[in-house]
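Structure first, commentary second.
Reminder, nothing fancy here: chain letters follow the sequence lines and each chain counts from 1.
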Amino acid sequence: MSWALPLPVVVPLIAAAVLVATGAILPRRVQDAIGIAAAATATGFALLILAASERHDVLHWFGGWHPHAGLALGISFTADPLGAGMAALACGLDLLVLVYSWTYMRRQSQTFDVLILALGGAMAGFALTGDIFNMFVWFELMGVSAYALAGFMVEELGPLQGAINFAVTNTVGAYMVLMGIALLYARTDALNLAQIGRVLGHRPADRLVIVAFALIVTGLMVRAAIVPFHFWLADAHAASPAPVCALLSGAMVELGIFFIARVYWTAFAAPLHAHASGVRDVLVGLGVATALIGALMCLLQRQLKRLLAYSTISQAGTMLAGIALLDPRSLAGVANLVLAHGLLKGGLFLLCGVILVELRHIDELRVYGAGRRLPWAGVLWLLGTLGLVGLPPLGVFLAQQLLYEGGREHGFGWLAVVGAVASGVCAGAMLRAGARIFLGWGAREDELLSPEPDEHAPERDVSGRPLGIVAGIAIVLGLAASVVPGIEARTELAAERFADTSAYRAAVLHGAAHGDAAAHVSFSLLGVDTASALYGLGALAIAAATAAFGLWHRRLPPRILSAGARTLGPPVTVIRLAHSGIVGDYLLWLSGGALAVAAIWALTL
Amino acid sequence: MTILVYAVVAWVFAIGIYGAIVSRNLIHLALCLTVTQSSTYILLLAIGYKHGAGAPIFEDVKLGTAAVDPVVQSLTLTDVVVSVTVIALILALALDVHRQSDSIDPDEISTLNR
């Protein structure tokens, strides 16, 4: 399979170049077909690589620069099941988005397909690479295509503002990653992750290594939308086309989280071993803050895409907390969360596009009750929401069960409560919006929600039904992600291999076969743990209560309402005002946050 | 000597970020980002620098002649290429912002109002 490893990257990138070159010659439909064929090929190869990597890691050395006597000079792609799975998810979402855009983006220029393909190829490269500078290049390519896509509707101010905030903050994040890479290279003379890990060895990390770690992780956290680096995400999502949101939320943000885990386990696990609890505490703290602030902001939105964007931030926080536990079981939970959440959230964003096409707005108060004529879209919205809250045993349930178990092992059992509250509140906001739009329940006005400029809908002749089918496919796949037979055992094995630093190193540097246990994996069904099921049902109850409060809070006795406004009003206002939409503010938060993380680690580790 | 180089790196990075934070003009903001980026060049080149060594060109030189590290130089080149794309994109967005609103002040274009 080694020969096929670059294909999920190469095929979309070549197709993108072909589309640019033939832009004036070929008719639009032929171009779209080329794009879809390229994305389908990339997805197919990514799935084949995933299947092959189940038995052992798949390696590809570019230009035949194999390591010599354990010394790697060349650039490698290294596919283990989690990396290949990330690539397959990114390519699959890319394919769905291109199919969706066949009608949704019909009037826009062919540049859209080119950028989507470039983003897809870059995401696959990012997931598969085994070289840290190569990672930086994919990080930037992914960024540039995403910035351009976020600002695609250049005739409006909202997308431009979102794209600028996105581009500026993420560029500064990329410079921090690059500085971290430079410091690591200064210490180890290596860019290959396995080689870096070997040179760093088991010696306890000194200040230089700790600062390099802090710079790389902080830069990645900008892309992963972790508080206080998260501000760009909502602005970039609120105004960009629905299919772009599906890609950004479904795969790109998660790739930032993925590489934090990758770089920790390949390079830093041994030198930071003695300080694991210091690393864990900071990252768990940031993850919890992200999960809760994302959920609170999600509750305050009425524009569906911004609402879903804050739910993505909240989930990213849960993922970071899972990674931060630094054990394979939680890592398996995160991998399942990325899969289920990516498909569900991608599907929900595509559904936002359907609502925009059919109802002309995506503001829950403007389209109040108008969704009654689209019952199927309402059902899909409900299914997506139930999947995201982790209704046993669907959607993200398996992920949450694994995360709860991982958290309990490390004395972080309370993380389960935080997770249930965060996902419950987000789902409550989504249920409330769905009930207003598709059922016409609740008040027509809601002074708690943030007003939002309106988005121009695509042309009237676009039909919502075929778009709804694409969204439905993603949502149903996401719901089923927990109940695929054998997926639990497979991700746990994959996570154990991911975290097995020395075996990874031997596989990359010495070509040793890494992992062959997949042959013994059964196709067992998901065993539902009672405590996790209770947490899932608890989150659902929180969601129902939140939705009911959102719809009918005016009916509460005035005394309770004013008391609530007095106590909760000021902190909520402060958090809301921090999301100012002004890029200078965001940079101030970013640099302050980065400085704080680096200082805490440099002084305490 | 080395401490001085790292101090310069930190200083250039910090003034670039400071300029971007207080910027009231998107073109100025893009230029501040290039200043920030220059600090990464200085860091990379300083890491590969070797006192008394020549350029890493190995034609007509004796084997074993000292040369500065060519890897960081190619990293710097890659960084230049990648970042030029980003800056060009930000400038293009600034142009579109000016077309839409007759302003390139990032504080004024905020359409959000929460």
Side-chain angles (χ1 to χ4, degrees), chain A residues 73 133 136-137 139-141 143-144 147-148 151 154-165 167-168 170-172 174-176 178-179 181-183 185-187 189 191 234-235 238-239 297 300-301 306 449-453 576-577 579-588 590-591 594, chain B residues 6 9-10 13-14 16-24 26 29-30 32-33 36-48 69 71-72 74-76 78-79 81-83 85-90 92-101 103 105-114:
Chain A
L73 290 179
F133 188 74
F136 170 76
V137 176
F139 186 83
E140 283 283 56
L141 179 60
V144 172
Y147 313 149
V154 285
E155 60 279 358
E156 288 166 59
L157 213 46
L160 290 173
Q161 188 209 7
I164 287 173
N165 292 354
V168 171
N170 278 263
T171 303
V172 173
Y175 295 154
M176 293 200 285
L178 182 60
M179 289 190 132
I181 293 172
L183 293 181
Y185 179 77
R187 170 55 51 86
D189 280 332
L191 293 170
D235 294 348
M297 288 301 292
L300 300 174
Q301 307 306 318
R306 195 177 281 275
L449 305 183
S450 312
E452 184 84 25
R576 196 182 250 192
L577 285 179
H579 297 74
S580 61
I582 296 170
V583 68
D585 297 0
Y586 294 1
L587 280 177
L588 190 58
L590 195 165
S591 36
Chain B
Y6 294 117
V9 170
F13 190 88
I17 296 280
Y18 171 76
I21 289 174
V22 300
S23 179
R24 300 296 300 268
L26 285 173
L29 176 62
C32 289
L33 285 184
T36 310
Q37 189 206 358
S38 313
S39 69
T40 61
Y41 305 155
I42 306 173
L43 178 64
L44 282 167
L45 295 179
I47 283 168
D69 189 343
V71 172
V72 288
S74 48
L75 300 192
T76 310
T78 316
D79 181 23
V81 174
V82 168
S83 298
T85 324
V86 177
I87 301 296
L89 190 75
I90 293 177
L93 290 169
L95 196 64
D96 275 316
V97 167
H98 187 254
R99 257 188 222 130
Q100 302 299 324
S101 69
S103 162
D105 183 342
D107 297 8
E108 273 176 27
I109 59 164
S110 180
T111 56
L112 312 161
N113 144 37
R114 26 201 104 67

**Message:** Is B:Leu93 in contact with chain A via its backbone, its side chain, both, or neither, using a 4.5 Å heavy-atom distance?
**Reply:** both
**Message:** Quick check against the 3.5 Å criterion: does A:Gln161 have a side-chain atom that pairs as donor or acceptor with the backbone of B:Val97?
**Reply:** no
**Message:** Can you confirm whether A:Phe133 sits close enough to B:Thr78 that some side-chain heavy atom of one is under 4.5 Å from a side-chain heavy atom of the other?
**Reply:** yes
**Item:** Distance-minimising heavy-atom pair for B:Ile21 and A:Leu587
**Value:** CG1-CB, 3.7 Å
**Prompt:** Non-hydrogen atoms of chain A under 4.5 Å away: do they reach the side chain of B:Leu43, the backbone, both or neither?
**Reply:** side chain
**Item:** Residue part contacting chain B, namely of A:Leu590, when any heavy atom lies under 4.5 Å
**Value:** neither
**Prompt:** Between A:Ser591, A:Ala167, A:Ala182, which residue shows the highest count of heavy-atom pairs closer than 4.5 Å to chain B?
**Reply:** A:Ala182
**Asked** What do the steps show when you test B:Thr85 against A:Glu140 for side-chain contact (heavy atoms from CB on, under 4.5 Å), and what is the final call?
**Response** CA-CA 9 Å; B:Thr85 324; A:Glu140 283 283 56; over 6 Å; no
**Complete:** Taking every heavy atom of B:Gln100 against every heavy atom of A:Glu155, the minimum-distance pair comes out as OE1-O, 3.0 Å
**Request:** Could you tell me which portion of B:Phe13 (side chain, backbone, both or neither) has an atom closer than 4.5 angstrom to a non-hydrogen atom of chain A?
**Result:** side chain
**Item:** Nearest atoms (heavy-atom pairs only) where A:Tyr175 meets B:Thr40
**Value:** O-CG2, 4.0 Å
**Asked** Of the backbone (N, CA, C, O) and the side chain (C-beta and beyond), which part of A:Ile164 lies under 4.5 Å from a heavy atom of chain B, both, or neither?
**Response** both
**Complete:** Highest number of heavy-atom pairs under 4.5 Å with chain A among B:Val81, B:Val71, B:Val22 belongs to B:Val71
**Message:** Can you tell me which of B:Leu75, B:Val86, B:Val82, B:Leu44 forms the most heavy-atom pairs within a distance under 4.5 Å of chain A?
**Reply:** B:Leu75
**Message:** Quick check for you: among A:Val583, A:Ile582, A:Asp585, which has the greatest number of heavy-atom pairs under 4.5 Å with chain B?
**Reply:** A:Ile582
**Asked** Looking at B:Leu89 and A:Ala148, what are the two nearest heavy atoms and their distance?
**Response** CD2-N, 3.8 Å
**Request:** Tell me, for B:Ile47 versus chain A, whether the close heavy atoms (under 4.5 Å) come from the side chain, the backbone, both or neither.
**Result:** side chain
**Request:** Give, as side chain, backbone, both or neither, the part of A:Val144 having an atom under 4.5 angstrom from any heavy atom of chain B.
**Result:** both
**Message:** What verdict does the side-chain contact (heavy atoms from CB on, under 4.5 Å) test give for A:Phe136 and B:Asp79, after you've listed the backbone C-alpha separation in whole Å, the side-chain angles of each residue and the deciding distance to 0.1 Å?
**Reply:** CA-CA 9 Å; A:Phe136 170 76; B:Asp79 181 23; 4.1 Å; yes
